[in-house]
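These notes are about the structure you will find just below.
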Amino acid sequence: MTAQIRPDLESIPAYTPGRSNPGAVKLASNETTVPPLPAAAKAIAEAAELAHRYPDNQVTGLRTALAEFLGVGFEHVAVGCGSVALCQELVQITCASPSDEVLFAWRSFEAYPIVTKVGNATAVQVPLTAGQVHDLDALAAAVTERTKLIFVCNPNNPTGTAVGKAELVRFLDAVPSHVLVVLDEAYYEYVRLADHPDGVEIGRTRPNVVVLRTFSKAYGLAGLRVGYAVGDPAVITALLKVHIPFSVNRLAQAAAIASLEARHELLDRTDLLVTERERVRDALVAAGYAVPPSEANFVWLPLGARSAEFGEASASAGVLVRPYGTDGVRVTIGDPHENDLFLSFAGAPEVLARFLG
């Protein structure tokens, strides 16, 4: 007889990472093409000499640095093995049975339905608007007495779209105070909206709001897996109870602290990426693609049923992009020459005739 496994796990899809092929340009994962900041690379090398020692399980140094950086108390900050680990832990601390519901837009971050099912809760998906943006009114209307948690990915992955501060505050005002709202701001550093929403500031007077951010994107530490949550001390205390011991490794902690200290160098890098993002989107729109405005480090092509076919054609041309079922294709912004290679493929007459004709 084999061990008994939860039968519902059969219905949980595995997380699908972006493809990698030797020699191909990879624009399928939300990574930066530039390495960690020099100070972070130095901190990694120094921390490696102590790799035989366990890391600080309380992540005291990084939590202290983040608290100072954000202007909040130490007790308002938790750190996890990437913000996706914190997503799962947030489900764990709010949901106790399959009758508990977790709300989120769809399509949104692929991990949301996975962590919800792993947490033995029920996922409730609310469609995006025709413009590929969060329908916050519909999301608020979907709240029931069973709702325990709401994920709001802003900017949204994979569409890149974002809602402004005023619209977000109006939504939060409509959500019951006992429902925890998670503002997932993984792409915060790339936002250039005039009505720029800052979840940390918005959440200062809202105990039911927790903000997630990460060092994986703009800070270039995706391979080290470190993200953080900012929220009410009661929420942070609960997160620390379900935290997997030592899951934030020594190198990640050292690199994140060094990155915060050198954060001013980050601005030039993000500004360059935003410039490339707008260049790529403008070229795609000029070619005839319907590309919504992006506030992240990628653009979205809502190609519907042709998404997988487009992805395979792009791969054959030497550029890996990320199709999402029958919804669309996400294209990460890479170096200019990588973006040019993709634009050369996407703008070719035979490709335009095949996918837009």
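Quick caveat: nothing in here was measured; it's all calculated off a predicted structure.
Between E309 and R354 there is a salt bridge, since a side-chain N of the basic residue sits under 4.0 Å from a carboxylate O of the acidic one. A salt bridge does not link R204 with D198: none of the charged nitrogens is closer than 4.0 Å to a carboxylate oxygen. Comment: R322 engages E110 in a salt bridge, judged by a side-chain N to carboxylate O separation of less than 4.0 angstrom.
Looking only at atom types and distance, the side chain of S83 has no donor-acceptor partner in the side chain of R213 under 3.5 Å away. For E101 and T144, the side-chain atoms include at least one donor-acceptor pair closer than 3.5 Å. Between the side chains of D135 and T129, not a single donor N or O lies within less than 3.5 Å of an accepting N or O. With hydrogens and angles left out, the side-chain atoms of N30 and R330 include a donor and acceptor closer than 3.5 Å.
The main-chain N or O of P302 is never found under 3.5 Å from a side-chain atom of Q132 such that the two would form a donor-acceptor pair. In this structure a side-chain-to-backbone donor-acceptor pair under 3.5 Å is present from T122 to P98. The main-chain N or O of L149 is never found under 3.5 Å from a side-chain atom of T94 such that the two would form a donor-acceptor pair. Within the 3.5 Å criterion, the main-chain N or O of S97 finds a donor-acceptor partner in the side chain of D100. Of the possible polar contacts, one joining the S259 side chain to the A255 backbone as a donor-acceptor pair under 3.5 Å is found. Between the side chain of T270 and the main chain of L267, a donor-acceptor pair closer than 3.5 Å is present. Distance alone, capped at 3.5 Å, places no donor-acceptor pair between the N156 side chain and the S108 backbone. The backbone N or O of A47 sits nowhere less than 3.5 Å from a side-chain atom of R250 that would complete a donor-acceptor pair. Judged purely by atom type and a 3.5 angstrom limit, T332 uses its side chain to pair as donor or acceptor with the backbone of S29. In terms of modelled atom types and a separation under 3.5 Å, the side chain of R281 and the main chain of V291 share a donor-acceptor contact.
Below 30°, between 30° and 60°, or above 60°: for F342 and F310 the angle between ring planes is above 60°, a perpendicular geometry.
The environment of E350 atom CD is dense: over 12 non-hydrogen atoms of other residues, nucleotides or ligands sit within 6.0 angstrom. L50 CG: more than 12 foreign heavy atoms inside a 6.0 Å radius. When the shell of 6.0 Å around OH of Y54 is examined, it contains 12 or fewer heavy atoms from other residues, nucleotides or ligands. Under a cut-off of 6.0 angstrom, the local environment of CZ in R6 is crowded, with over 12 non-hydrogen atoms contributed by other residues, nucleotides or ligands. The environment of E68 atom CD is sparse: at most 12 non-hydrogen atoms of other residues, nucleotides or ligands sit within 6.0 angstrom.
Between F109 and F104, the closest side-chain pair of non-hydrogen atoms is not below 4.5 Å. For the pair D327/T159, no side-chain contact is recorded, criterion being any heavy-atom separation below 4.5 Å from C-beta on. Under the 4.5 Å side-chain criterion, counting only non-hydrogen atoms from C-beta, Y188 is in contact with H196. In this structure, the side chains of R277 and E295 come closer than 4.5 Å at one or more pairs of heavy atoms. With contacts defined as side-chain heavy-atom distances shorter than 4.5 Å, the pair Y324/S307 does not qualify. Contact of the V143 side chain with the L103 side chain is registered, since non-hydrogen atoms from C-beta on lie closer than 4.5 Å.
For the atom pair OG of S294 and CH2 of W300, the computed distance is 11.5 Å after rounding to the nearest 0.5 Å. Separating the CZ atom in F151 from the NE2 atom in H134 is a distance of 11.0 Å, to the nearest 0.5 Å.
Closest approach of V179 and T147 over heavy atoms only: CG2-O, 3.6 Å.
When ring centroids are compared, Y289 and F355 stay outside the 6.0 Å threshold.
Placement of V72 and V79 within a single hydrophobic cluster is found when ILVMFWY residues are connected by side-chain heavy-atom separations under 4.5 Å, directly or transitively.
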